Amino acid sequence: MAGLRRRSKNPHAEADQFRRRAVIGFAVVGACLVALAAWYFKLQVLDHDEYATRSEANRIRPRPVVPGRGTIYDRNGLLLAENVPAFRLDITPDKVKEPAKLVAELGRIIELSPEDIERFEATRKASRGFRPITLKLRVSEEEMARFAVDRWRYPGVELVPYLTRRYPYGELFAHIVGYVGRVDEKDLEQLGEINSALTHIGKTGLERYYDEQLRGRIGYEKVETNVEGRALRVVGRVPAQAGTDLRLSVDAKLQQAIVDSFGELEGSAIAVDPRTGEVLAMVSLPSYDPNLFVNGISSKDFKLLNDNPSRPQFNRLVLGGVAPGSTLKPLIALAGLDSGKRKPEDTVVSTGMFYLPGTSRGWGDASRRGHGVTNLRKSISQSVNTYYYRLALDLGIQQFDEYMAYYGFGEPTGIDLRGEIGGILPSPQAKLKARKERWYPGDTVNVAIGQGDWKVTPLQLVRATAGIASGEMRRPHLVAQSRVGFDRPWEPMPQPKPIPISPNPQNVAVVRLGMQDTMQPGGTGWRVAQGASYLMAGKTGTAQVISRRGTAAVDPRSLPMHLRHRSLFVGFAPADNPTIAIAIAVEGGGYGGSTAGPMARKIFDAYLLGQMPEKVDPAGVPLTPDATVAPPAAPAAGPATPPPSTTLPAVPQGERR
């Protein structure tokens, strides 16, 4: 047995076995070392750029730099839209475990409205978690102090400085300047990733039309952070580009004068320089305070605006339309001259009523006794309907529409405001499409005096009126100059070339004389111009809201306000060297000569003579003049010395057109 054990032990075999195991072990260890070296090589060499970028991203974070929004000035340098410093409260969702609980805790130290919380939750669900979301704009100093004490308790929450918008003149320029509002989900889709850091965007008015220029270009800062994500220092910067500043052609003092001339009445008015097309003032009443919308309007304020039957937010100049009434007559007269259908000396006889052959229904004149023998100038000055009934029929509706379209009716003027409507130019095609009815000669008679299916804006009226004043039609525009940077010079905004209103200047001159006659004794607006130290040219108008009863005229004073006629006036001054043209539409104002006409006189006096209208309260008591609007620069043309002040005579309520 002992011999068998000694034979089973083989030292050489054991040594070979040990060597084999050692080689295998060393091979495994060597392979592991090679794999480890290869892995380190991959990390340190092949993937160096990727991990270096990740490491840098953990230490350096890009922070967007939103530039200051461009400011807006009136023609005399008054600031109409400015930027003021403020702080907002931002939350980065991916740094917060329970956002709802965090918001509830923040609500104990910072006043949060239901709208703030609702907007935050909606944005959080629709946006990416790494993008900061604003919980509240305009955090007060007291709230900032309370938050600073417990700042460490709220990771992912930051107080961010920014510039917010303010409109110093409030509702005076609401329909011109407009307002900016908070960026919503729809806005983010349009803005794209580059502009996702924006908190506000233009919503209405010039703020919307020129939004891309006003907001500038976003820059970025490279911020070094600690392990807690707090900023330590700025290590790099891509500068932001400031927004474009705008200088308007609007005169703040004239704007206030128009508002004062309306008193408690509602409607719209616009004044332009006929030599350039620059808008000097434009008013839609009633108005509203655009500051309410900048950081989110409250439900209470929004309901008050929406429930107001006068629709303060509705821009009557751009979105509203009225029947032009007799204000269209100078243009129809010009069409008659240019077409060759009429000469200045051609006459018609007005008997007070006009009848189409074979019909019993009559169309009346301003005077039911008739105006007698009437030529072109008299037809304008005394607003003789019969002259235009016959002229429109002689032109025919097709040629009539061609001239009216050339004068700009039926299409937008192109003013630098969004949403402008083109109105309605009456035509057989439009009537057939709208009411499935054919066109009758009686329709042509109606449209000849600005009634029927007409719908025009004061913008269209003032453009055509300015065309008569200067001989050329220009695009009305609000922005005269712009600059990129406060240290850069102002550059004029390019405008399209004007087009002549008529191929024959003599025809335009005759129409101008007719409009001058309107403001002289015997004309429908003579009382308005009485005592003026400058020549006025104009045309009064009355647009009926309801149909007349048979052949009888409707006294607007017998109707409730919403059914009363609209009072209209178009004109320019000084008539011998026009520097201002206006169009006025007063809702429920009655006749043009008794309401809109006196307003025009006040506006002309304010611009040409510097005489601001006297303010009165609803009881008729004069108020102290408003001194908030600085005096404007003197107009480019006008009287060398201010003439003595004159008192505007009262206009009898029965004065028509």
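Small disclaimer: the values here were computed from a predicted structure and weren't measured.
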Verdict with reasoning, Ile415 to Val279, per side-chain contact (heavy atoms from CB on, under 4.5 Å): CA-CA 9 Å; Ile415 192 172; Val279 176; 4.2 Å; yes
Side chain to side chain, Tyr167 and Val180, heavy atoms closer than 4.5 Å: yes
Here the pair of heavy atoms bringing Ala252 nearest to Asp74 is N-OD2, 3.1 Å
Salt bridge or not between Arg69 and Glu207? Use side-chain N to carboxylate O under 4.0 Å. yes
For the residue pair Asp251 / Gln255, report whether a side-chain donor-acceptor contact shorter than 3.5 Å exists. no
Determine, stepwise, if the pair Met599 / Leu265 fulfils side-chain contact (heavy atoms from CB on, under 4.5 Å). CA-CA 11 Å; Met599 290 183 185; Leu265 294 172; 3.4 Å; yes
If I take atom CG from residue Asp605 and atom CD1 from residue Ile603, how far apart are they, to the nearest 0.5 angstrom? 10.0 Å
Side-chain contact test, heavy atoms from C-beta onward, threshold under 4.5 Å: evaluate it for Leu305 versus Arg311 and give yes or no. no
Okay, side chain of Gln256, backbone of Lys253: is any donor-acceptor separation there less than 3.5 Å? no
Check whether any side-chain heavy atom of Ile468 lies under 4.5 Å from a side-chain heavy atom of Phe572, and answer yes or no. yes
Would you say that more than 12 heavy atoms from the other residues, nucleotides or ligands in this model lie under 6.0 Å from the CZ of Arg475, or not? yes
CG of Leu78 to CG of Leu248: how many Å apart, nearest 0.5 Å? 11.0 Å
CA sep, side-chain torsions, deciding dist, call: Arg275, Glu472, salt bridge (charged side-chain N to carboxylate O under 4.0 Å, His left out): CA-CA 8 Å; Arg275 301 164 300 180; Glu472 294 180 320; over 6 Å; no
Can you list every ring-ring contact (aromatic ring centres under 6.0 Å, His included) pair that touches residues 249-291, not counting sequence neighbours? His175-Tyr288, Tyr288-Phe293
Taking the side chain from Gln460 and the backbone from Glu411, do they hold a donor-acceptor pair closer than 3.5 Å? yes
State, to 0.1 Å, how close Gly178 and Pro290 come at their nearest heavy-atom pair, and which atoms those are. O-CB, 3.7 Å
With side chain to side chain donor-acceptor pair (under 3.5 Å) as the rule and sequence neighbours excluded, what pairs involving residues 476-490 come up? Asp245-Arg483, Arg247-Gln481
Give a yes or no on whether a salt bridge exists between Arg474 and Asp273, defined as a side-chain N under 4.0 angstrom from a carboxylate O. no
Taking Val479's backbone N and O only, do any of them form a donor-acceptor pair with Asp416's side chain (distance below 3.5 Å, no angle check)? yes
Pair Glu82 + Arg165: basic N to acidic O under 4.0 Å: no
Answer yes or no: is there a donor N or O on one side and an acceptor on the other, between the side chain of Ser261 and the main chain of Ile258, under 3.5 Å? yes
Keeping Thr327 on the side-chain end and Gly541 on the backbone end, is there a donor-acceptor pair under 3.5 Å? no
Within-4.5 Å side-chain heavy-atom neighbours: Val157 and Leu89: yes
Rounded at 0.5 Å granularity, tell me how far OG in Ser299 sits from CG in Leu304. 11.0 Å
Is the shortest side-chain N to carboxylate O distance from Arg146 to Glu142 below 4.0 Å? yes
Under 3.5 Å, is there a donor-acceptor pair between the side chain of Thr276 and the main chain of Glu278? yes
Closest non-hydrogen atom pair, Met612 against Asp260: CE-OD2, 4.3 Å
Under a 4.5 Å cut-off applied to non-hydrogen side-chain atoms, are Ile270 and Ile582 in contact? no
Dump the intermediate steps for side-chain contact (heavy atoms from CB on, under 4.5 Å) on Val250 and Phe173, then the final yes or no. CA-CA 10 Å; Val250 176; Phe173 289 95; 3.5 Å; yes
CZ of Phe87 to CD of Glu143: how many Å apart, nearest 0.5 Å? 13.0 Å
Within the distance-only criterion (no hydrogens, no angle test), does the side chain of Ser470 pair as donor or acceptor with the backbone N or O of Pro274 below 3.5 angstrom? yes
Any Asn291 side-chain heavy atom under 4.5 Å of Tyr179 side chain: no
For Gly408 versus Arg463, what's the shortest heavy-atom pair and its separation? CA-NH1, 3.8 Å
Side-chain heavy-atom pair Val586, Phe569 within 4.5 angstrom cut-off: no
Within a 6.0 Å radius of atom CD on Glu212, are there more than 12 heavy atoms belonging to other residues, nucleotides or ligands? no
Check Gly410 against Leu425 and note the closest heavy-atom contact, atom names and distance. CA-CB, 4.0 Å
side-chain contact (heavy atoms from CB on, under 4.5 Å) evaluation trace for Ile501 with Tyr407: CA-CA 7 Å; Ile501 195 169; Tyr407 299 147; 4.0 Å; yes
Could you grab the distance from atom CZ of Arg208 to atom CG of Leu214, nearest 0.5 Å is fine? 14.0 Å
Looking at Asn315, is its backbone amide N or carbonyl O close enough to the side chain of Ser284 to form a donor-acceptor pair, meaning the two atoms are under 3.5 Å apart? no
Leu478 versus Ile176: any side-chain heavy-atom pair under 4.5 Å? yes
Would you give the length of the straight line joining atom CZ of Phe604 to atom CD of Gln611, rounded to the nearest 0.5 angstrom? 14.0 Å
For Ala242 against Val484, the heavy-atom pair lying closest together: O-CG1, 4.2 Å
With distance as the sole criterion, is a donor-acceptor pair present between the side chains of Thr413 and Glu420 under 3.5 Å? yes
